[in-house]
Structure formats: structure tokens, C-alpha cells
Amino acid sequence: MAQEQYIYAVTRVHNNEQTLLTAQDVERLVEAKDAAEVFALLANKGWGSPDLPPGNPEALVAFEMDRTWSFVGELSGDVSLFNVFRLANDYHNLKAAIKLAYTANSSAENEAYFLKHGTIEVATIVAAAAEHNFATLPDAMAAAGKEAYEVLAHTSNGQLCDIVIDRATLLAIDAAGKKSTSKLLQQYATLTVDVANIKAAVRCCAMQKKPEFIERVLAPVGSLNVPALAAAAAQNMAAIYAVLHGTAYQNAIEELKTSLAAFERWCDDELIELIRPQKNNLFTIEPLAAYVLARENEINLVRLVFSAKINGLPAQTLRERLRKTYV
């Protein structure tokens with residue numbers, strides 16, 4: 001993009017940021033008496049469309065995500081610039097397609113199983129899995145798909161299939177981050193793979209998995225000493241905390257001691273702090289990337305609010321689970 005295009009795009013993004021949910025908006029959502037009031041409050045913020053089915057939270061959040069990617073695609077002219085955000089959807093779809101093909105599920109093309117806004121058409125992934133021929137996919141994804149399908153076919157173990165694809169996802173995100181010229185996208189990729197490795201290490205530790213299993217789960221990418229993290233996971237949580245001490249995740253140790261959910265919230269809040277400075281950047285793609293992440297954050301927040309209202313979760317409990325807002 002030329003400099004004047006960046007200025008135009010960033011100006012449009014800043015205008016749209018005026019409609020993002022503020023902390024005060026979120027508090028109103030939390031205090032809403034029910035889901036119907038949440039819908040009304042969001043409508044006042046410009047969410048939704050008259051064409052959407054009434055009272056359907058998933059339709060609303062899907063519409064808003066579509067709107068976000070449409071807007072960013074219009075401004076950038078090339079959504080592949082943001083592939084580091086989109087790859088996880090591809091690998092999720094690969095996992096779903098393989099499992100459906102393995103079970104000979106006739107509804108393999110049902111949209112409910114798949115995520116939009118990946119880098120590859122869902123139909124291409126579904127066909128590759130159904131035909132057990134992954135050559136139509138990018139090399140790294142093809143290799144992961146072939147291995148995952150063979151593991152599932154020979155062991156009927158869905159967890160092992162997940163491990164293959166989840167690890168490949170992190171490798172792909174790391175590679176996309178390193179390929180990007182955007183410092184923000186590079187940092188996002190590192191944060192994403194680090195957090196995934198930490199969460200995997202904690203889960204393996206809790207389940208007392210053997211070192212060989214842990215080494216298959218963790219991806220050798222990111223800013224952490226992954227071999228040391230894997231070795232620590234085979235011991236105890238104290239060993240994991242020791243590996244994290246002195247790293248960018250040192251301040252998250254106390255959150256981990258509370259729960260994985262608390263750690264995840266800490267990580268999401270760190271991401272918001274990471275993208276906030278991009279508001280002042282006029283000549284790069286970073287403000288557009290920050291806007292995508294801000295929108296994803298508030299859409300996930302709204303999804304959480306709806307879930308809480310539908311299930312009768314107390315407002316205070318909901319507040320404890322909420323993330324920071326971008327504005």
C-alpha cells in the first residue's frame with residue numbers, strides 16, 4: 001500500500017474505533033437483566049442487521065465478524081496480509097474435515113462444523129479429507145493432514161489426531177509471523193505459540209503425561225525454551241513456574257496458580273496492551289491488524305456475556321471473567 005493509502009485506511013479505522021465497545025458499554029452489558037436487553041444495548045451501538053434472525057447470539061457475532069473482515073479487506077485490498085490471524089481457522093477446519101471423513105459423516109459440508117475467514121476454501125479442505133488426498137493443500141498443511149488422518153485411521157484416537165494438527169497450527173502461525181514485515185504480527189505470532197505451549201504444558205503436567213508424549217504436544221517455536229518447558233511439565237507445576245521465571249510470562253505465574261482460565265485472561269489482556277500503541281501509527285498496516293484483534297476481542301466478550309445471561313451467571317462472576325477493552 002502507498003503512503004496515502006495507509007493514511008486513508010488508518011483514518012477510516014480510527015473512525016470505526018469510535019463504535020468499539022468501551023469499558024462503560026461492557027458494564028451496561030454485564031448489568032443487563034437478560035439476553036434481550038443485551039441485544040437492545042448492542043443494537044444501540046450499531047451491531048447487527050434487520051436481516052438477522054431475532055434473538056440469535058451466534059448469528060449476531062458471526063455477522064459482526066463478517067463485517068470486520070469485509071471492512072479490513074476493503075481497506076487493505078489484500079487480506080492475505082493478515083494470514084497469521086486466519087491460519088488457525090484453516091487448521092480447525094482440517095481437523096473437523098478429517099474427523100468427519102473418518103466417520104463417513106454425510107454432513108461433512110455442514111457449515112456448523114467449520115469456521116469462516118481462513119486462507120483456504122472450506123470445500124477444498126473437505127474434499128482433501130474426503131478423498132484422503134491432501135496434495136491440493138499447502139505443503140505444511142498437507143503433511144499435517146496426511147499424518148493426522150493416518151493416525152486416526154490406525155489408532156481411532158481422536159486426541160492423537162488433535163495433537164498432530166494443533167502442533168502444525170502453531171508451526172504455521174510461527175512461520176507466518178516470521179514471514180510478515182509487521183512487528184505487531186510477529187509479536188502476535190510469538191504470543192500465540194508461547195501461550196499455547198504453556199497451556200499444553202500445564203495440562204500435560206496435570207495429567208501426569210510422560211516426557212515422550214509432552215514432546216509430541218509442544219511445538220518447538222516461540223520465545224520460550226521449549227525443551228526445558230517440556231521437561232518441567234513431566235515433573236510438576238513448580239518446575240513450570242521456574243521455566244517461566246525471568247521470561248515475558250513471569251507476571252502470569254500467579255494467574256497460573258489460580259487457574260488456566262485466569263492465565264488465559266491475563267494473556268488476552270496482554271494482547272490488548274500490545275495493540276493499543278498502534279493507534280498512533282499512520283503509515284503501516286499495524287492499525288488495521290490492531291483493529292481486527294480489537295474486534296475479535298469484543299466479539300468474544302459479547303459471546304461470553306450472552307452465555308452468562310442465558311445460563312443465569314451472576315454479574316459479579318461474569319465481571320471476573322471479562323477481558324480488557326481496546327478503547
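All values derive from a computational prediction rather than experimental measurement.
Under the 4.5 Å side-chain contact rule for hydrophobic residues, L318 and L21 share a cluster. Using a 4.5 Å cut-off between side-chain heavy atoms of Ile, Leu, Val, Met, Phe, Trp and Tyr, with links allowed through other members, V84 and I165 fall into different hydrophobic clusters. Follow the hydrophobic side-chain contacts under 4.5 Å out from V164 and you never reach L152; the two are in separate clusters. Side-chain heavy atoms closer than 4.5 Å link hydrophobic residues (I, L, V, M, F, W, Y) into clusters, and following such links, possibly through other members, connects L60 to I299. M141 is not connected to I163 by any chain of hydrophobic side-chain contacts under 4.5 Å among Ile, Leu, Val, Met, Phe, Trp and Tyr, and they are in different clusters.
Between the side chain of R67 and the main chain of W47, no donor-acceptor pair closer than 3.5 Å is present. Between the side chain of N300 and the backbone N or O of E296, at least one donor-acceptor pair lies under 3.5 Å. A donor-acceptor pair is defined here as one N or O able to donate and one able to accept, closer than 3.5 Å; no such pair exists between the side chain of E255 and the backbone of E264. Side-chain atoms of S76 come within 3.5 Å of backbone N or O of V72 as a donor-acceptor pair. In terms of modelled atom types and a separation under 3.5 Å, the side chain of T11 and the main chain of I7 share a donor-acceptor contact. With hydrogens and angles ignored, the 3.5 Å screen pairs a side-chain donor or acceptor of D34 with a backbone N or O of A36. Looking at S180, its side chain never comes within 3.5 Å of a backbone N or O of G177 through a donor-acceptor pair. In terms of modelled atom types and a separation under 3.5 Å, the side chain of N93 and the main chain of N89 share a donor-acceptor contact.
One finds the CE atom of M207 at 10.0 Å from the SG atom of C205 (value rounded to the nearest 0.5 Å). In this structure, CG on L75 lies 6.5 Å from OH on Y8, to the nearest 0.5 angstrom. Taken from CG in L260 to SG in C267, the straight-line distance is 9.5 Å, to the nearest 0.5 Å. Within the model, atoms OG1 of T192 and CD1 of I173 stand 5.5 Å from one another, a figure rounded to the nearest 0.5 Å. In this structure, CG on L322 lies 5.5 Å from CG on L304, to the nearest 0.5 angstrom. Note that CD of E64 is 8.0 Å distant from CD of E298, once rounded to the nearest 0.5 Å.
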Determine, step by step, whether V292 and W69 satisfy the side chain to side chain contact (heavy atoms under 4.5 Å, CB included) criterion, reporting the C-alpha distance in whole Å, the side-chain angles of both residues, the deciding distance to 0.1 Å, and the verdict.
CA-CA 8 Å; V292 172; W69 278 110; 3.8 Å; yes
Determine whether H14 and E17 satisfy the following criterion, side chain to side chain contact (heavy atoms under 4.5 Å, CB included), listing intermediate values before the conclusion.
CA-CA 5 Å; H14 286 338; E17 285 174 354; 3.1 Å; yes
Take Y188 and F82 through the test side chain to side chain contact (heavy atoms under 4.5 Å, CB included) and record every step on the way to the result.
CA-CA 11 Å; Y188 169 86; F82 308 99; over 6 Å; no
Check step by step if side-chain hydrogen bond (donor to acceptor under 3.5 Å, both in side chains) holds for D90 and T119.
CA-CA 6 Å; D90 288 332; T119 69; 2.3 Å; yes
Dump the intermediate steps for side chain to side chain contact (heavy atoms under 4.5 Å, CB included) on L244 and L256, then the final yes or no.
CA-CA 11 Å; L244 297 180; L256 272 174; 3.6 Å; yes
Could you go through the ring pair (Phe, Tyr, Trp, His ring centres under 6.0 Å) check for F39 and F306 one step at a time?
CA-CA 9 Å; F39 275 109; F306 272 122; 4.6 Å; yes
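In this structure, R276 and E273 approach most closely via the heavy-atom pair NH1-OE2, 2.5 Å. Closest heavy-atom contact between T181 and Q186: C-NE2, 4.0 Å. For the pair V151 and C161, the tightest heavy-atom approach, listed with the atom from each and the gap, is CG1-N, 4.0 Å. For L184 against A289, the heavy-atom pair with the smallest separation is CD2-CB, 3.9 Å. Taking all atoms of both residues into account, the shortest heavy-atom contact from L288 to A9 is CD1-CB, 4.0 Å. Across all non-hydrogen atoms, the minimal contact from K324 to D269 is N-OD1, 2.7 Å.
Cation-pi check for K257 over Y241 is met; the charged atom lies under 6.0 angstrom from the ring centroid and within 45 degrees of its normal.
Heavy-atom neighbours of R321 CZ from other residues, nucleotides or ligands within 6.0 Å: at or below the threshold of 12. Atom CD of Q208 has 12 or fewer neighbouring heavy atoms from other residues, nucleotides or ligands inside a 6.0 Å radius.
Residues in residues 204-232 take part in no salt bridge (Lys or Arg N to Asp or Glu O under 4.0 Å) pair, two or more places apart or across chains.
The shortest side-chain heavy-atom distance between K116 and M65 does not fall under the 4.5 Å cut-off. The closest side-chain heavy-atom distance from F85 to L185 is below 4.5 Å. With contacts defined as side-chain heavy-atom distances shorter than 4.5 Å, the pair Y91/I120 does not qualify. Residues Y249 and E270 have side chains not in contact (no heavy-atom distance under 4.5 Å, counting atoms from C-beta outward). Looking only at side-chain heavy atoms (C-beta outward), W266 and N251 come within less than 4.5 Å of each other. N297 has its side chain within reach of I272: a pair of non-hydrogen atoms, C-beta onward, lies under 4.5 Å apart.
A salt bridge is defined here as a Lys NZ or Arg NE, NH1 or NH2 lying under 4.0 Å from an Asp or Glu carboxylate O, and R303 with E58 meets this definition.
Under the side-chain hydrogen bond (donor to acceptor under 3.5 Å, both in side chains) criterion, Q250 pairs with no residue at all, not counting sequence neighbours.
Cluster note: L115 groups with no other residue, as no ILVMFWY side-chain heavy atom lies under 4.5 Å from it.
No hydrogens or angles considered: a donor-acceptor pair under 3.5 Å links the side chains of R86 and N83. Between S156 and Y102, the side chains place a donor N or O and an acceptor N or O closer than 3.5 Å (distance only, hydrogens not considered). A donor and an acceptor atom, one from each side chain of E286 and S182, are located under 3.5 Å apart.
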If you look only at distance, which donor and acceptor atoms sit under 3.5 Å apart when one is on a side chain in residues 23-31 and the other is two or more places apart or in another chain?
residue: Q24; atom: OE1; partner: T22; partner atom: OG1; Å: 3.3
residue: D25; atom: OD1; partner: R28; partner atom: NH1; Å: 2.9
residue: D25; atom: OD2; partner: T22; partner atom: N; Å: 2.9
residue: D25; atom: OD2; partner: T22; partner atom: OG1; Å: 3.1
residue: D25; atom: OD2; partner: K45; partner atom: NZ; Å: 3.0
residue: E27; atom: OE1; partner: R319; partner atom: NE; Å: 3.2
residue: E27; atom: OE2; partner: R319; partner atom: NE; Å: 3.3
residue: E27; atom: OE2; partner: R319; partner atom: NH2; Å: 2.7
residue: E31; atom: OE2; partner: R319; partner atom: NH2; Å: 2.1

Could you pull out every donor-acceptor pair under 3.5 Å between side chains of residues 217-236 and any protein atom, sequence neighbours left out?
residue: S223; atom: OG; partner: D194; partner atom: OD2; Å: 2.5
residue: N225; atom: OD1; partner: A228; partner atom: N; Å: 3.1
residue: Q235; atom: NE2; partner: A231; partner atom: O; Å: 3.3
residue: N236; atom: OD1; partner: A238; partner atom: N; Å: 3.2
residue: N236; atom: OD1; partner: A239; partner atom: N; Å: 2.8

Expected list for residues 121-139: side-chain donor-acceptor pairs under 3.5 angstrom, two or more places apart:
residue: H132; atom: NE2; partner: Y149; partner atom: OH; Å: 2.7
residue: N133; atom: OD1; partner: A135; partner atom: N; Å: 3.2

